[in-house]
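These numbers were taken from a predicted model, which means no experiment stands behind them. One is the number of the first residue; the rest follow in order along the sequence.
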Amino acid sequence: MERIRINMLSNADKVDGQGVGSAYLEQVSLIKDELSDVFDVVINDSAPADIIHCHTILPEYLMKMKRNKGVNVAYVHFLPDTLDGSISLPKSALKVFKKYITYFYNTADHLIVVNPIFIDDLVRFGIERRKIHYIPNYVSKESFYQESEEKVLTVKQRYDIDKDAFVVLGVGQVQTRKGVKDFVEVAKMLPDITFVWAGGFSFGKITDGYDELKEIYQNPPSNVHFIGIVQREEMNDIYNLADILFMPSYNELFPMAILEAVNSQKPLLLRDLELYKDILFNKYLSQNDNVQFAKQIQELKDDSHLYQKYQHYSKEISEYYSKEHVKEMWKEFYCGIQKSGQKTTFYR
């Protein structure tokens, strides 16, 4: 059987500290390592391919899709509306950028969403429902796993965190929509608990709320540690030094940080967003305001039974998003669209 040639187009791994980059690396590794008997994967190649799969939305990738005689696939890592609270641009420029994103998605023959809740949102932006498919993110258990107590103590020492500290971790770019200000306000309510934020200003000065966030970043409360952008190969250490993953984001698709953290069985405390319900099966704690966030963190610290319950729930989430499950979804998808061609839709 002749292998299907897939050209993965991406610059997502060029900027550190982005979940898009992590998702790209995991997906490509999964296809190359686990399905090499079926697919021949190349990266940013100029030669013809059966399938072009765009992981980012650069104009040069748009032109390659337009010239491609095979099937075009694009990942939906963000919706036009998720730019609000992420980057700060003049309204006219932001409007043009949103139109470009919609045009890019419409140019592809098939779109992949990592959360089924966003299918209706894409349809409202003028995308045909028949071309949208749901395949979840995946995280390797070889890269993200529980570490020994000795290793955790070493990592805490490296980041100047007390060995007995109860650590609440936030992960992501320092942006308004990520809830960084709320993270810090909750920390102020719990001065005896250590808060660590891993992530930085990947978009630089065009980050929404940059000046205010930069001031917080440089002058945090004494119990808050901003450790900056951490290389992905070091992130497992960061998840393991934490006791809780706290994500107060206002808008997400499917944060890679959640999948990475549950591999080390960390309880999840998230903002009460509709998007989490179908993909995390209510196996997490959620609140909507800072007072309740603080109360929940304190309860997790004080109540060992509650902590163990949500630790077990995280393990169950981790087991659901297994390599085997997601691998078969990709195999079925790629084979289906290559066989039928771009005129016929592959349905899940």
Side-chain angles (χ1 to χ4, degrees), residues 12 15-23 76-89 94 114-115 117-118 121 137 167-190 194-221 223-232 235 238-239 242 244-262 266 268-276 279-280 284-290 292-294 296-297:
V15 180
D16 292 331
Q18 290 193 96
V20 173
S22 298
V76 178
H77 287 297
F78 54 85
L79 304 174
D81 279 357
T82 59
L83 296 174
D84 300 323
S86 295
I87 60 175
S88 179
L89 293 173
L94 192 59
V114 298
N115 190 324
I117 197 172
F118 292 104
D121 292 307
N137 284 332
V167 179
V168 176
L169 176 66
V171 177
Q173 297 178 53
V174 178
Q175 298 175 346
T176 300
R177 77 171 176 92
K178 291 289 187 179
V180 177
K181 290 188 287 186
D182 297 279
F183 186 85
V184 172
E185 288 304 310
V186 171
K188 290 178 181 177
M189 299 177 194
L190 299 167
T194 299
F195 286 71
V196 174
W197 187 279
F201 295 91
S202 296
F203 291 138
K205 291 186 177 181
I206 66 168
T207 299
D208 187 57
Y210 176 80
D211 291 336
E212 182 182 7
L213 291 170
K214 190 71 172 179
E215 176 64 25
I216 295 171
Y217 186 89
Q218 292 178 337
N219 300 284
N223 65 325
V224 177
H225 300 250
F226 283 103
I227 62 174
I229 295 173
V230 178
Q231 296 299 315
R232 191 159 192 267
M235 275 303 300
I238 306 304
Y239 292 116
I244 302 170
L245 181 71
F246 171 36
M247 300 281 280
S249 301
Y250 288 88
N251 202 328
E252 294 285 356
L253 268 72
F254 194 150
M256 290 295 287
I258 289 177
L259 289 185
E260 292 165 355
V262 296
K266 303 303 175 182
L268 304 175
L269 175 58
L270 312 172
R271 192 173 297 280
D272 188 14
L273 303 179
E274 187 69 24
L275 65 96
Y276 293 129
I279 58 175
L280 299 177
Y284 58 95
L285 291 160
S286 64
Q287 298 294 341
N288 261 329
D289 66 79
N290 292 344
Q292 292 303 313
F293 280 139
Q296 198 74 83
I297 290 169

Heavy-atom side-chain proximity of Gln287 to Asp272 below 4.5 angstrom: no
Worked check of side-chain contact (heavy atoms from CB on, under 4.5 Å) between Arg232 and Met256: CA-CA 11 Å; Arg232 191 159 192 267; Met256 290 295 287; 4.2 Å; yes
Nearest heavy atoms of Ala187 and Asn223, plus distance in Å: O-ND2, 3.0 Å
ring-ring contact (aromatic ring centres under 6.0 Å, His included) between Tyr217 and Phe201, intermediate numbers included: CA-CA 10 Å; Tyr217 186 89; Phe201 295 91; 5.3 Å; yes
Interatomic spacing from CG in Leu273 to CG in Leu275 - rounded to 0.5 Å: 5.0 Å
NZ/NE/NH1/NH2 to OD/OE distance under 4.0 Å, Glu260 and Lys266: no
Heavy-atom closest contact (Ala198 atom, Val230 atom, distance): CB-CG2, 4.2 Å
Gap between atom CG of Asn251 and atom CD of Gln175 - 0.5 Å precision: 10.5 Å
Minimum heavy-atom distance between Pro248 and Phe293, given as atom pair plus value: CB-CE1, 4.3 Å
Result of checking Ile297, Val184, Val167 against Phe195 for side chain to side chain contact (heavy atoms under 4.5 Å, CB included): Ile297
Under 3.5 Å side-chain donor-acceptor pair for Asn219 and Glu215: yes
Side-chain (Trp197) to main-chain (Gly172) donor-acceptor, under 3.5 angstrom: yes
Which atom of Ile258 lies closest to which atom of Leu280, heavy atoms considered: CG2-CD2, 4.0 Å
Test item: Asn115 side-chain N/O and Tyr276 main-chain N/O as donor-acceptor pair under 3.5 Å: no
Side-chain donor/acceptor of Asp121 to backbone N/O of Leu79, under 3.5 Å: no
Residue pair Phe246 / Val186, side-chain heavy-atom distance below 4.5 Å: yes
Smallest separation among heavy atoms of Val180 and Val174, with atom names: CG2-CA, 4.0 Å
Full working for side-chain contact (heavy atoms from CB on, under 4.5 Å) between Ile238 and Val171: CA-CA 10 Å; Ile238 306 304; Val171 177; 5.5 Å; no
Where Ala261 and Leu245 come nearest, the two heavy atoms and their spacing: CB-CD2, 3.7 Å
Ile229/Gln173 under side-chain contact (heavy atoms from CB on, under 4.5 Å): CA gap, chis, key distance, verdict: CA-CA 8 Å; Ile229 295 173; Gln173 297 178 53; over 6 Å; no
Gln218 vs Lys214, side-chain contact (heavy atoms from CB on, under 4.5 Å): CA-CA, chis, key distance, verdict: CA-CA 6 Å; Gln218 292 178 337; Lys214 190 71 172 179; 3.2 Å; yes
Close side-chain approach of Lys178 to Met247, heavy-atom, < 4.5 Å: no
Flag for Tyr250-Asp182: side-chain donor and acceptor within less than 3.5 Å: yes
From Glu185 atom CD to Asp289 atom CG, the distance as rounded to the nearest 0.5 Å: 12.5 Å
Residues Arg271 and Glu252 bridged, charged N to O under 4.0 Å: no
